[in-house]
Amino acid sequence: MEKLIENHNKLKLTKCLPELTSLISRQRELLDNPKGNPLKYTLALNNLPNIVPSYKILNKPTITLGIEEDILAASEDINAAINNIKSNLMELAPWRKGPFELFGITIDSEWKSWLKWDRFIDKISPLKNRRILDIGSSNGYYMFRMAAYNPTMVLGLEPQYAFYFQYLALQKYLNIENIFSLPIPFDEFPAINGYFDTVFCMGVLYHRRSPLDMLKKINELMKKGGELILETLIIESSENEHTCLFPEDRYAKMRNVFFIPTIKVMESWLKRTGFENIKCIDISKTEAHEQRKTEWIQTESLTDFLDPENPAKTVEGYPAPIRAIFSAQVI
Ligand SMILES: C[S@@+](CC[C@H](N)C(=O)[O-])C[C@H]1O[C@@H](n2cnc3c(N)ncnc32)[C@H](O)[C@@H]1O
């Protein structure tokens, strides 16, 4: 977190320095006196040995760092060291996004996150030299993939501590200097208006009670000519249907799902919050080969959320998850 402050001159963040500093010192207070899960995650993070990986691969589906032999620099008992690294990484579960390979240990995450990456990367503006915001960045899988394209900087916002600590564990070894993450929700992020060239907002909008307010704030944070890449759950409909699904209670067992738009509604939301050149660049049904239970998550996964008699429906009887990706510009 503090790296953002240290680099404020280079990153041209001086204007909002007081707000960022107070935000980060509030978070620092929480993290310096952790209780409950944050305490467990802090111990796991601190127990991970200091090892310098002999190489890093960021431009392939599995983000890979180091080989098993790199561990020998930190420990003579390689098996004990592998077990130690694995058990500390397991303490940070559930690992939803990935996969990763650390010194030969594969973290087979719940999602095969490269499938989503491959759906948009060739359809968006090049990321080189851009200032990027990733809202809901989880453990940073996509931020690390972005790093391979030489952006000026990438900043992630991730309020769930398990995922934020996974990011810290990965950064401990990847040590990529222009990637940052803050453990805060988007609402707490200061209004650094006109700053970002590219904003990713993937898998977050349907969790918001007020999706339009969120889109408006995103629009204000962006530079003219900037691009938003937005991914959300959608519902299928006839061509011109301007409706939303608002689940009575849960959707696919998730408690915090509010508005699931049709493509037309999503396009109107983007238009009415100031975006132009709106394109739907992908529509994909979520399938069990992409989201499934592995040893790295203890919770349920997609097949548990669908009606076993009719997997076209969720257990609540709503249409099963379909996700769409949109690109939109600020002109
Ligand atoms: C469904 S996951 C998507 C993760 C990743 N963006 C992706 O597309 O795979 C949603 C993530 O957004 C985070 N999140 C939820 N509400 C948020 C908010 N208000 N601000 C920032 N992140 C949020 C969650 O903690 C979670 O990690």
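Whatever order the structure lists them in is the order used to number ligands and atoms, beginning at 1.
- When each of F144, Y167, F103 is checked for a ring-ring contact (aromatic ring centres under 6.0 Å, His included) with Y173, only F103 meets the rule.
- Checked against ring-ring contact (aromatic ring centres under 6.0 Å, His included), F246 has the following partners two or more places apart in sequence or in another chain: F259.
- For N7, the side-chain contact (heavy atoms from CB on, under 4.5 Å) test picks out K3, K10, L11, F180, with sequence neighbours left out.
- Between Y161 and Y164, the ring planes lie perpendicular to each other; the angle is over 60°, past the 30° to 60° tilted range.
- Looking at residues two or more places apart in sequence or on another chain, you find a side-chain contact (heavy atoms from CB on, under 4.5 Å) between E91 and K40, A44.
- Ionic pairing of D118 and K112 is not present here: no N-O contact between side-chain nitrogen and carboxylate oxygen is shorter than 4.0 angstrom.
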What does the N/O contact table under 3.5 Å look like for ligand 1?
unit_1   : atom_1 : unit_2 : atom_2 : d
ligand 1 : 6 (N)  : G136   : O      : 2.7
ligand 1 : 6 (N)  : M202   : O      : 2.9
ligand 1 : 8 (O)  : K116   : NZ     : 2.4
ligand 1 : 8 (O)  : M202   : O      : 3.4
ligand 1 : 9 (O)  : K97    : NZ     : 3.2
ligand 1 : 9 (O)  : K116   : NZ     : 3.3
ligand 1 : 19 (N) : R208   : NH1    : 3.4
ligand 1 : 20 (N) : F186   : N      : 2.9
ligand 1 : 25 (O) : E158   : OE2    : 2.6
ligand 1 : 25 (O) : Q160   : NE2    : 3.4
ligand 1 : 27 (O) : E158   : OE1    : 2.6
ligand 1 : 27 (O) : E158   : OE2    : 3.3

